[in-house]
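Note that this is a predicted model, so its numbers are computed, not measured. Just so you know, residue 1 is the first one in the sequence shown, and it goes up from there.
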Amino acid sequence: MTTASATVGRPPSLADEDRKALILQAAETVFDSLGYGDATMEEVARACGMAKKTVYKFFPDKASLFGALVESHDVAVIDNSAAAGEEEPEARLIRLLEDVAAAILSPRQITLTRLVIAESIKYPELAQRFYRDCVEKTMSHVARALASDPSLRLPPGLDSRTFADMLVSTLLGSIHLRALMLNLPREALEEELRGRVPLVMDLIVRALPAR
């Protein structure tokens with residue numbers, strides 16, 4: 001048997017980034033199934049089909065693995081590329097609302113949010129990290145997008161961070177809770193959001209000073 005024929009069918013060696021991605025994917029499944037407290041690095045290694053020492057090579061403990069999982073999750077990416085172009089201010093705001101809703105209601109984000117809520121009493125540091133790295137990061141993106149838009153003049157005394165919080169809360173309302181608790185189909189949530197966006201836009205237009 002030649003050397004070439006002996007290697008036929010052997011799976012290619014994975015790059016470190018690919019290994020990390022597989023570990024994180026397995027960790028998400030294990031954490032969701034067992035909870036943070038009962039999950040083990042051994043279970044994660046088994047789920048991703050790697051040796052435990054390989055998992056430890058990238059993540060020294062369960063806390064660092066969870067932290068990497070939080071950082072890998074969806075944060076609203078606000079695209080201001082059209083802000084200085086021909087796009088109307090209302091269209092930019094609608095796009096902003098849609099981007100934020102898509103990030104918060106994404107299946108991966110819903111899974112992680114459920115996990116953190118379930119473990120927040122026993123492991124408050126998980127909740128703190130999640131709030132800082134997911135919730136605050138998303139809201140800061142929204143606030144910066146609002147503050148950097150020259151077409152928006154916020155009411156006196158209302159800063160962009162407060163306005164961002166009010167905007168997202170008004171948009172999602174109980175939709176977020178129902179997504180977390182009732183496991184509603186994504187299509188149903190998106191349909192309800194499409195009906196809410198015009199209502200939220202109308203409230204925004206009424207609240208903002210005339211340009």
Side-chain angles (χ1 to χ4, degrees), residues 14 16-78 97-143 164-165 167-193:
L14 293 175
D16 282 354
E17 287 305 311
D18 293 330
R19 289 181 186 275
K20 289 174 67 175
L22 287 175
I23 293 170
L24 289 175
Q25 184 178 0
E28 181 175 328
T29 300
V30 171
F31 285 147
D32 185 42
S33 175
L34 301 179
Y36 181 82
D38 291 334
T40 65
M41 298 291 273
E42 184 175 4
E43 286 288 344
V44 173
R46 185 179 297 113
C48 66
M50 299 181 194
K52 191 163 61 172
K53 66 178 182 180
T54 303
V55 176
Y56 277 111
K57 171 186 172 182
F58 296 105
F59 306 102
D61 52 37
K62 190 166 65 172
S64 65
L65 179 55
F66 179 83
L69 186 61
V70 169
E71 291 172 0
S72 76
H73 270 256
D74 306 310
V75 174
V77 178
I78 310 304
L97 295 175
E98 292 173 342
D99 288 347
V100 172
I104 293 174
L105 297 177
S106 70
R108 298 185 72 233
Q109 195 69 8
I110 289 295
T111 296
L112 183 60
T113 303
R114 286 175 180 152
L115 170 65
V116 172
I117 291 173
E119 301 285 358
S120 60
I121 301 300
K122 290 176 61 177
Y123 302 96
E125 69 278 3
L126 298 186
Q128 292 166 3
R129 179 155 194 172
F130 174 80
Y131 192 86
R132 182 187 71 237
D133 291 345
C134 285
V135 179
E136 271 300 326
K137 193 176 290 185
T138 294
M139 296 307 298
S140 294
H141 276 308
V142 178
D165 186 62
L167 185 65
V168 173
S169 298
T170 303
L171 172 65
L172 292 177
S174 64
I175 294 178
H176 193 206
L177 282 176
R178 282 184 280 123
L180 291 168
M181 299 172 64
L182 304 180
N183 201 30
L184 296 179
R186 181 78 180 270
E187 296 75 16
L189 298 174
E190 290 175 346
E191 182 178 357
E192 186 170 353
L193 280 169

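- Residues Leu65 and Met41 share a closest heavy-atom pair of CD2-SD, 3.9 Å.
- Scanning all heavy atoms of the two residues, the minimum distance from Ala102 to Arg186 falls at O-NH2, 3.8 Å.
- For the residue pair Cys48 and Leu22, the shortest heavy atom distance occurs at CB-O, 3.8 Å.
- Residues Val44 and Ile23 come closest through the heavy atom pair CG1-O, 3.9 Å.
- To the nearest 0.5 Å, atom CG of residue Leu189 and atom CZ of residue Arg178 are 7.5 Å apart.
- At least one side-chain heavy atom of Phe66 sits under 4.5 Å from a side-chain heavy atom of Val116.
- Without hydrogens or angle criteria, Ser33 side chain to Thr29 main chain gives no donor-acceptor distance under 3.5 Å.
- Checked by atom type and distance alone, the side chain of Thr40 pairs as donor or acceptor with a backbone atom of Glu43 at under 3.5 Å.
- Rounding to the nearest 0.5 Å gives a distance of 11.0 Å between CG of Asp99 and OG1 of Thr138.
- Closest of all the heavy-atom pairs between Phe130 and Val70 is CA-CG1, 4.3 Å.
- Within 6.0 Å of the NZ atom in Lys62, the count of heavy atoms belonging to other residues, nucleotides or ligands exceeds 12.
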Decide yes or no on side chain to side chain contact (heavy atoms under 4.5 Å, CB included) for Val100 and Leu167, but give the supporting numbers first. CA-CA 10 Å; Val100 172; Leu167 185 65; over 6 Å; no
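- Looking at heavy atoms from C-beta onward, Ile175 lies out of side-chain contact with Leu184 at the 4.5 angstrom threshold.
- For Ala164, the side-chain contact (heavy atoms from CB on, under 4.5 Å) partners two or more places apart in sequence, or in a different chain, are Met139, Val142, Ala143, Leu146.
- We find the CG-CZ distance between Leu24 and Arg108 to be 8.0 Å, quoted to the nearest 0.5 Å.
- More than 12 heavy atoms of other residues, nucleotides or ligands lie within 6.0 Å of CD in Glu192, so this atom counts as buried by the packing criterion.
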Side-chain donor-acceptor distances from residues 49-58 under 3.5 Å, at least two apart:
none

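- Nearest heavy atoms, Ile104 versus Ile110: O-CD1, 3.8 Å.
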Compile the donor-acceptor pairs under 3.5 Å between side chains in residues 120-128 and protein atoms, sequence neighbours left out, one pair per line.
unit_1	atom_1	unit_2	atom_2	d
Ser120	OG	Ile117	O	3.0

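- Rounded to the nearest 0.5 angstrom, Leu112 CG and Asp32 CG are separated by 9.5 Å.
- The aromatic rings of Tyr36 and Phe31 sit tilted, their planes meeting at an angle between 30° and 60°.
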